[in-house]
Amino acid sequence: MPKEYRTIQEVAGPLLMVKGVTDVAYDELGEIELASGETRRCRVLEITGENVLVQLFESAAGINPQTSKVRFLGHSMELGVSEDMLGRVFDGLGRPIDGEPEILPEKRMDINGLAMNPAARVYPEEFIQTGVSAIDGLNTLVRGQKLPIFSASGLPHSQLAAQIARQAKVRGTDDQFCVVFAAMGITFEESEFFVESFRESGALARTVMFVNLANDPAVERISTPRMALTAAEYLAFDCGMHVLVIMTDITNYADALREISAARKEVPGRRGYPGYMYTDLATMYERAGRQQGKNGSITLIPILSMPEDDKTHPIPDLTGYITEGQIILSRDLYRRGLQPPVDVLPSLSRLKNKGIGEGKTRADHMDTMNQLFSAYARGKEAKELMVILGEAALTEMDLIYARFADAFEERYVSQGYTNDRSIEETLDLGWELLRMIPRSELKRIDEKYLDMYY
């Protein structure tokens, strides 16, 4: 039976100080029992001698230091996992919120996980088809990769996330594929949108959802992504599935981290975020990947809205250092009605070269990708010149490129949120657009592919 302490000294916001405590460890779970018999969960944040600082998972309202007692449970936070989690919706602490019964766990796993040994990692190199041309064709997602989406407030990142979760598949294998979806600090309306969107398309059957709403406590937001990654590790490395983890919105997670850091009176770093935020984000992102000797894999798409559309803000800045590229959504393209408004020029997937080509997508993929980037960049320059100097000042070739850039945005980038394009359709559409440009200009494509497709 855990030892009980009636030595609560003070309550400050979500934090409690308990005196005279022995034999507890950092991050250990505890329970606070109120005089009414109600219990609330907490965890150990700091130990100074026999003084222990604990952090509440629920509100501190109604806790009377004189009549409440604390007991420590001897383990850190755990999630009971089993394959029955597929098709279910949980809150940020792993409790079911879909009206169905609790699951019977195969085993219980510590949500903080263990770092993957870098020497045991397998290099990501298998193509994942998302059905979105701007990603598949130009910024290809590879199995085991971490590829964030940089969005901004008001941009449709939720629709894009739901589209990728519904459409993503690993081609050419019969391996099981599933999605773990973690939402942090979202509104009830957004939460309903995701659940309904997955339910309608039948994708819910292969999805595990963890939903933390904006009015849930900040500390629950800290555990939500870790719950999701723990479920993903079980499904990937114990059940041999290929798991795509989508997290939205990392900005809300970082704000919760800042809120708790401020309550602990820690020295703030850039913009008030704690100095250890880089380490904290890395401990989450680095749980994705592939392991030697294991069939499954974890591919991670974190979504973050950049405050003030600023990609030098600490959250996108630190995320970009840890992950392998980024997909950037553009407010300008969104205003012009492109769906999804993916800005392909500053977007980047650092592993795309490994996941494309003969036997993975198609032999002409690399060449057409380079040519499309080059032609689109030149078309954008021509359009900027047109704004300054007028159309009459442009050469015939510049006008061709300007027309290409418009057609590329309207047909290739903009495809709607329900259109699921196979990689062949995406590549064929790329060729169709490249035929607007004279063959002599296509210097980045091998002659044999020009003969086959042009």
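Keep in mind it's a predicted model, so treat the numbers as computed, not measured. Note: hydrogens, waters and symmetry copies are ignored here, and every other heavy atom, side chains too, is used.
A side-chain donor-acceptor contact under 3.5 Å links His365 to the backbone of Gly137. Under a 3.5 Å cut-off, the side chain of Gln159 and the backbone N or O of Pro340 do not form any donor-acceptor pair. A donor-acceptor pair under 3.5 Å is formed between the side chain of Thr299 and the backbone N or O of Gly144. Using modelled atom types, one side-chain atom of Gln167 and one backbone atom of Thr130 make a donor-acceptor pair closer than 3.5 Å.
Aromatic pair His313/Tyr273: centroids less than 6.0 angstrom apart. Aromatic rings of Phe181 and Phe198 (six-membered ring for Trp) have centroids within the 6.0 Å cut-off, being under it.
Under the 4.0 Å criterion applied to side-chain N and carboxylate O atoms, Glu220 and Arg41 are not assigned as salt-bridge partners. Checked for salt-bridge contact, Arg271 and Asp310 meet the test: a charged N lies under 4.0 Å from a carboxylate O. No salt bridge links Asp420 with Arg166; every basic N to acidic carboxylate O contact stays at or beyond 4.0 Å. Ion pairing between a basic and an acidic side chain is recognised when a charged N comes within 4.0 Å of a carboxylate O; Arg331 and Asp309 show such pairing.
Asp332 and Ser330 form no side-chain donor-acceptor contact under 3.5 Å, judged by distance and modelled atom types alone. Side chains of Arg421 and Thr426: a donor-acceptor N/O pair is absent below 3.5 angstrom, by distance only.
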